[in-house]
Amino acid sequence: MKKARLVKSTVAVTLAAVMLAGCGGGSASSNSGGSGSSSGGGSGTGGGAAAPSGEEVTISVMVWDRGNAAPGTTPEDNTLTDYIKQNMKEKYNINVEYVSVPRSSSDDKVNIMMAGGNAPDIIFTYSQNLFNNFAQNGGLADLTAAYEANGENLKKNQGEIQSMGQYDGKQYAILKQRGLEMPRHLGFIRKDWLDAMGMEIPKTKEDLAAYLQAVKDQNPGGVDKVIPWAMSGRADTEKNYLTFVSSYVDLPTDKDAYVYNEVYMAVAPGAIDGIRKLNEFYNAGLISQDFATDTTEDIYKAQVSAGNVGFFVDDTGGTSWDLMSILYSATGKTAFVPVQCFNLSDGSYRSVYEPRYGMYVMVPKTSEAKVDACLKYLDWMSDPEVAENIAYTPEHQRDDAGVPIALTEAQLFEKGYPGTLDDLSIVNGFLEWMSNKDSVVSYWSQSQAVEWEDKAWFENYYDVMNVGKFRYPTYPFISDAEANYGKNIEDMMVEYVYRLISCSTSEFDALQQAEYSNLQNAGLQQILDARAEYYDANVK
């Protein structure tokens, strides 16, 4: 999906360009700095017993540049990169050099480097489209043998997701395992407003509709310009409407769920009923009247954080927590609680979680002579102890619940660490404590230093977000139609829904037919047909 979902590149890569001579790497880099120690996991080197040093080799590794390096350091050279370099040198006689890529344009930059034949030996992307393009055009090194020979930790810790890195029966990418499992989106409702109106927390869409109408009629918070349901018109995300609309869609088979995944959910059978209901809400004044023009979501954020909103849907954690934190700072309370009320036709819920895999980590064809060294690097990072040391620094401590304690940015900078440690952990984001409710609640309520709610709030938050856990089926396949038309269709789909929500009721049917025709003309049906054909031929 957009934003938190896979980002699809718009730049095509040709076989001729990808196969140009040249490879990443260069002279050996400095290996100063120590490995440190961790109260959470012994020496902090991880990866099992030390392997005998082999022939010296230098590999270059991509790293994101977010502009938050500690003063006097760079994304390529800091305390954390020194820790990694030292361990790789001591364990495998591998010298590691880093090549920084701007985070905001990383896919385009990787495309350019691949076309020029000067990409680092290890590159990565969240885009299945980009990976598929590289693999299809012969731009990637075959990792199959190197994975079998050097992937002990990878197989043990995340072997079940590695099929997504295969193309034509060969392993061309190592998939990163995501961290803490959370649904992509979640609804939040004002509990104090419910109490003031004598209403219970909604369990169904009908309950929610009654609450929204009551908020409009009664304005229980006594606020200026009360907004029952706040939305924005941000064009790169479907978070505002997707969960509600999808609750009108039945997915009786895996094939249905695959064909109409989140990208194409708005045109699945039944989805139009959900969009029509949102249009009714909008025309009844229950949804932000200016949402469609709020493309930067500045108005939306200001409305929620000012306390004028009765209900909203946003990312689980992230933006939603930021808004509640601002509201707390301004008023001394938030009173928002998480809610699951978008019931399916059978009364259950569908709370969509991300796939367990995240980034595609690849080795360019020009670096195929270094695949064994690259797989040793990735396999070492797969070890949970190593992953924890990178994500929290090798010198981190744990709290009483066994949860790593994150350093503040000021503390990181003082010690020469980058502001985003996890950027260097490109293989394994899942740590043992993440599978334990008490530890997760401790992480939220203590380690994150959240002042606006107590432990009980986060216990309820954990329970609510785990209701109706669902993942769309995924397969290592991108059709030509999706590669050619998918990005445009994805953008058009959001506009399709926004226009239908915000039009007049009398215009709805005619506008829907016209907008749907535009989607079809842009290649929508070809994409859906290709997905169905793939499922029938390869999965069914």
Side-chain angles (χ1 to χ4, degrees), residues 1-9 64 103 106-107 124-132 157-165 173-187 234 236-247 249 251 254 257-266 313-321 338 340 342 349-361 382 387 391 420 422-423 425-431 433-435 437 440 443-444 461-462 464-478 482 486 490 493-494 531:
M1 298 302 296
K2 308 194 177 87
K3 188 176 172 285
R5 212 195 56 239
L6 305 180
V7 179
K8 296 186 178 179
S9 174
W64 278 327
R103 176 64 184 101
S106 62
D107 278 0
F124 45 80
T125 179
Y126 276 104
S127 172
Q128 186 180 12
N129 239 4
L130 193 60
F131 159 69
N132 188 79
N157 296 311
Q158 59 235 61
E160 70 278 2
I161 64 174
Q162 296 309 322
S163 63
M164 288 299 297
I174 298 300
L175 274 295
K176 178 178 180 178
Q177 180 172 225
R178 293 184 184 273
L180 179 61
E181 295 189 82
M182 300 174 73
R184 290 188 5 87
H185 308 130
L186 198 61
R234 189 171 146 185
D236 67 340
T237 176
E238 310 89 336
K239 65 182 180 181
N240 292 287
Y241 62 80
L242 191 62
T243 311
F244 183 87
V245 169
S246 67
S247 71
V249 177
L251 299 173
D254 279 351
Y258 174 64
V259 172
Y260 295 106
N261 70 356
E262 288 188 289
V263 177
Y264 311 107
M265 176 56 60
V313 179
D314 212 307
D315 298 332
T316 308
T319 302
S320 60
W321 286 16
Q340 287 279 13
F342 298 157
Y349 304 95
R350 185 188 299 133
S351 187
V352 177
Y353 278 60
E354 295 276 12
R356 286 307 299 144
Y357 67 87
M359 292 193 309
Y360 293 78
V361 184
S382 176
T420 309
D422 194 53
D423 282 351
S425 181
I426 61 174
V427 177
N428 189 5
F430 188 78
L431 306 178
W433 64 266
M434 295 178 179
S435 60
K437 176 182 175 179
V440 172
Y443 173 71
W444 285 335
Y461 184 84
Y462 184 95
V464 172
M465 79 173 197
N466 277 284
V467 173
K469 187 174 181 179
F470 177 84
R471 284 194 176 93
Y472 285 95
T474 57
Y475 305 102
F477 169 74
I478 294 287
E482 198 155 4
E490 198 169 340
M493 197 76 71
V494 178
R531 293 176 73 84

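Just so it is clear, the values below take in all heavy atoms, side chains as well, and ignore hydrogens, waters and symmetry mates. The shown structure was predicted, so the numbers you read here are calculated from the model rather than taken from an experiment.
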Quiz item: What's the shortest heavy-atom distance between Tyr241 and Val494, and which atoms?
Solution: OH-CA, 3.6 Å

Quiz item: Which heavy-atom pair separates Asn157 from Ser382 by the least distance, and what is that distance?
Solution: ND2-O, 3.1 Å

Self-check item: Residues forming a side-chain contact (heavy atoms from CB on, under 4.5 Å) with Thr316, sequence neighbours excluded
Solution: Met182, Pro183, Leu186, Tyr461, Met465

Quiz prompt | side-chain contact (heavy atoms from CB on, under 4.5 Å) against Thr420, all qualifying residues, sequence neighbours excluded | solution = Arg66, Asn68, Asp423

Exercise. Please identify each residue that fulfils salt bridge (charged side-chain N to carboxylate O under 4.0 Å, His left out) with Arg531, with sequence neighbours left out.
Key: Glu482

Quiz item: By side-chain hydrogen bond (donor to acceptor under 3.5 Å, both in side chains), which residues pair with Ser425, not counting sequence neighbours?
Solution: none

Exercise. Only counting residues at least two apart or in another chain, list the ones meeting side-chain hydrogen bond (donor to acceptor under 3.5 Å, both in side chains) with Gln177.
Key: Asn428

Quiz prompt | For Glu160, all residues meeting side-chain hydrogen bond (donor to acceptor under 3.5 Å, both in side chains), sequence neighbours excluded | solution = none

Exercise. Please name all residues satisfying side-chain hydrogen bond (donor to acceptor under 3.5 Å, both in side chains) with Ser247, sequence neighbours left out, ordered by chain then number.
Key: Lys205

Exercise. Only counting residues at least two apart or in another chain, list the ones meeting ring pair (Phe, Tyr, Trp, His ring centres under 6.0 Å) with Tyr462.
Key: none

Exercise. Calculate, to the nearest 0.5 Å, the distance between atoms NZ and CG belonging to Lys239 and Asp315 respectively.
Key: 5.0 Å

Self-check item: Those residues that, when tested against Tyr349, pass ring pair (Phe, Tyr, Trp, His ring centres under 6.0 Å) (two or more places apart)
Solution: none

Quiz item: For Asp254, which residues count as a salt bridge (charged side-chain N to carboxylate O under 4.0 Å, His left out) partner, sequence neighbours excluded?
Solution: none

Practice problem: List in chain and number order the residues that pass ring pair (Phe, Tyr, Trp, His ring centres under 6.0 Å) with Tyr260, two or more places apart in sequence or in another chain; answer none if no residue qualifies. | Solution: none

Quiz item: Which one of Met164, Glu181, Lys176 satisfies the side chain to side chain contact (heavy atoms under 4.5 Å, CB included) criterion with Arg356?
Solution: Glu181

Practice problem: For Tyr472, enumerate each residue passing the ring pair (Phe, Tyr, Trp, His ring centres under 6.0 Å) test, keeping only those at least two apart in sequence or located in another chain. | Solution: Phe470

